[in-house]
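Okay, so here's the structure we're looking at.
In this text, all values refer to a predicted model and were calculated from it rather than measured experimentally. Just the heavy atoms: all of them, side chains too, but no hydrogens, waters or symmetry mates, feed the values below.
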Amino acid sequence: MTTPHRALQIPDVLEIIIDHLNTADLASLGRTCSALNGHATRRLWRHGTTRSFKALTGLWIQDYDSSELPNHLTLAKNWRRFQHYGKHIHTLDLMSPPVPKREESDKEECEVGDLLAALAVFGRQAPLLPHLRRLSFYAKEPHDLAGALLFLGPELDHLELVATPPDEENTEKDWAIPIGCLLELVPERAPRLAELGIGIKLSTRHLEAVGDLVQAIQLTALGAETIVLDQTVFRHIALSKTLKALQIGTLTFDKLGSDYLVDDPDLKIDFSLVTSWCFPALKILHMHESIKVIGELLDVLRTDLDELCLRFYPADRFSDYQLSNIANTVRDYHKNVSKLELCFRERDKQTPLHWSTFAPLLQCKHIMHFTFNYFSSSSLILADHDMLDISLAWPNLRTLEIDWLRRHGAAFGLQREEDFTLAALSHLAANCPHLRLLILESFDCFNVPPPPPDLPPRQHAFELRIGRTTNNLDRAKVLATWLISIWPKLVVIPLDRWSEEQQLFWGKVGEMAEVVRVMKIMQAERDEGKEVALVKTETAEEWYDKYATVGMRV
């Protein structure tokens, strides 16, 4: 056909078709017809990655002596091709980890930083990608930050920068000038920037540049290292009328806490000087700090938050009294919080943590997402009645994660595992009708009780992520039947940090739950008088392979 079908000339129809195409299909579609090329090209290049960016720069920077392009395209023509595709890129993720060292016989791969350095040599000025809106950038070497300047443009509204910490090769002095230049040029070249994440080791010499940046740009979200706790910078941030989200602490947080952080004695702030009307627009606060800093900031912060995440330094030996005070502060001044995360990474092994310490949080009635991570060498005291209190206090829960994996010594972190049983799940099913995701380290299922009476089955999809179980490894079918009676659309996902035996057991529970579910669906169809063709099979596994896929569509 000389022209595409009339249906393909309707932009809305074409966009629906493109939504279902992968990268290879989009590339083929772009070469099919000139009428389709524009739509396919825009979608293909909208989200850039390290790999696609290297392919794009390969159109312009190449070894002309060994080029396979016909007639050795001129630099000007290559640059026009680069501009043709580059103008469609809206997001670019250059956060890929460093390329591992290859064998000497293998061809070395060019680093992104080297490509950007070559682009700078050509004399091209920023913005390299004129319509770029979101950039995630990883700097392995100090000179890589100079390449990041090429992406600063008038449409950029999200910028995340992460850099390798200073070492013997690249000292803090080597990083100082590139970081300083970047901080000074951001307000000038990217005036619409709204979200900024700085995962770079900043020193006190950058305080003035950070303060000017915060004053010059109306940020809605800021994530940075402890540099924002400087007295001057913190006041600028606290007075912002547009800042809605603030993250203080490391941006690359290690969940298991294998890397210890060192508090910088030069970065201290007297929170008593911060007035109670600071942070007028703040709704989201993430802090990875010492318990002293967290407690002092929460004591003066009176903005009613929607989301609060508190992660404590691993070296802290926090007491129950300190944790109780923080829980009381959240209850008194942030009672409308809907998403709450608490992460404790260390504690004296001789001092167990009582769940009752956080009882004041139960008075925050609007919580929908709650995460509790306790990674320590000491134990956690948690029982069925604690889960009952949670389910009664937070009936609107959507997601719940309670994790108590130990970092050292024994593998299990509950004081008495027999006190945390399937009854805890019954309480959640009975009192939290909107629960969609439940993540638990383990529970005792030696006794599988009857399903809770008068409990209406939940018809929404429900995901259970579980690490291990005590006892009853041979009763997967009984456990699956019990779970499916509460959550008919259950999906079980084993946590991969446990033994292969535990993962196989919970994988079997998930498969049996799907089998039971399909059987119930087919029985209901028979009861309604529908004709259902049943195929006789010798084992449950054969039956599952044939019918589970159909059943999961319901």
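Inter-residue side-chain proximity for Glu341 and Arg311 is flagged as met; some heavy-atom pair is nearer than 4.5 Å. Side-chain contact between Leu92 and Phe137 is absent, with no heavy-atom pair separated by less than 4.5 Å. Here the side chains of Val330 and Leu361 are in contact, with some heavy-atom distance below 4.5 Å. Counting only heavy atoms from C-beta outward, the side chains of Lys489 and Phe462 never approach each other to under 4.5 Å. Between Leu285 and Phe279, every side-chain heavy-atom pair lies at or beyond the 4.5 Å cut-off. Counting heavy atoms from C-beta outward, Asp306 and Asn336 have side chains that stay 4.5 Å or more apart.
With rounding to the nearest 0.5 Å, the separation of CE in Met368 from CZ in Arg436 is 9.5 Å. In this structure, CD1 on Ile198 lies 6.5 Å from CG on Leu213, to the nearest 0.5 angstrom. The OG atom of Ser136 sits 4.5 Å away from atom CD of Glu160, with the distance rounded to the nearest 0.5 Å. Note: Leu159 CG to Leu193 CG = 5.5 Å, rounded to the nearest 0.5 Å. Expressed to the nearest 0.5 Å, how far CG of Leu222 lies from CD of Gln247 amounts to 9.0 Å. Atom SG of Cys309 sits about 5.0 Å away from atom NE2 of His286, to the nearest 0.5 Å.
Using modelled atom types, no side-chain atom of His434 and backbone atom of Pro395 make a donor-acceptor pair closer than 3.5 Å. With hydrogens and angles disregarded, no donor-acceptor distance shorter than 3.5 Å links the side chain of Thr329 to the backbone of Leu298. Side-chain N or O atoms of Lys87 include none that pairs as donor or acceptor with a backbone N or O of Phe82 at under 3.5 Å. Thr371 places no side-chain N or O within 3.5 Å of a backbone atom of Glu401 that could act as its donor or acceptor partner. The backbone N or O of Gln322 sits nowhere less than 3.5 Å from a side-chain atom of Asn325 that would complete a donor-acceptor pair. Between the side chain of Arg302 and the main chain of Asp299, a donor-acceptor pair closer than 3.5 Å is present. No side-chain donor-acceptor contact under 3.5 Å links Thr220 to the backbone of Thr242. In terms of modelled atom types and a separation under 3.5 Å, the side chain of Ser52 and the main chain of Thr49 share a donor-acceptor contact. Remark: the backbone N or O of Asn396 is paired with a side-chain donor or acceptor of Arg398 at under 3.5 angstrom.
Between Val233 and Val210, the shortest heavy-atom distance links the atoms CG1-CG1, 3.5 Å. Among all heavy-atom pairs drawn from Pro154 and Pro191, the shortest one is CA-CD, 4.4 Å. Among all heavy-atom pairs drawn from Asp174 and Pro142, the shortest one is O-CB, 3.5 Å. Glu463 approaches Ile493 most closely through the heavy-atom pair OE2-CD1, 3.2 Å. Between His206 and Ala176, the shortest heavy-atom distance links the atoms NE2-O, 3.1 Å. Closest of all the heavy-atom pairs between Ala163 and Ile200 is CB-CG1, 3.8 Å.
Residues meeting the side chain to side chain contact (heavy atoms under 4.5 Å, CB included) test with Ala209, sequence neighbours left out: Leu183, Glu184. Partners of Lys339 under the side chain to side chain contact (heavy atoms under 4.5 Å, CB included) rule, at least two apart in sequence or in another chain, are Glu307, His369.
Within 6.0 Å of atom CD in Gln215, more than 12 heavy atoms from other residues, nucleotides or ligands are found, so the atom counts as buried in its surroundings. For Lys365, the NZ atom counts as densely surrounded, since its 6.0 Å shell holds more than 12 non-hydrogen atoms of other residues, nucleotides or ligands. The environment of Lys283 atom NZ is dense: over 12 non-hydrogen atoms of other residues, nucleotides or ligands sit within 6.0 angstrom.
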side-chain contact (heavy atoms from CB on, under 4.5 Å) between Thr164 and Asn170, worked out: CA-CA 9 Å; Thr164 301; Asn170 297 308; over 6 Å; no

Derivation of the side-chain contact (heavy atoms from CB on, under 4.5 Å) call for Ile390 and Leu362: CA-CA 7 Å; Ile390 289 176; Leu362 298 179; 4.2 Å; yes

Verdict with supporting geometry, Leu342 and Leu323, side-chain contact (heavy atoms from CB on, under 4.5 Å): CA-CA 10 Å; Leu342 303 175; Leu323 296 178; over 6 Å; no

side-chain contact (heavy atoms from CB on, under 4.5 Å) evaluation trace for His88 with Arg46: CA-CA 6 Å; His88 299 301; Arg46 179 181 298 178; over 6 Å; no

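Outside the 6.0 Å centre-distance limit, the rings of Phe358 and Phe370 are not counted as a close aromatic pair.
A salt bridge links Glu195 to Arg134: at least one charged side-chain nitrogen sits closer than 4.0 Å to a carboxylate oxygen.
Between Phe344 and Phe312, the ring planes lie parallel to each other; the angle is under 30°, not in the 30° to 60° tilted range.
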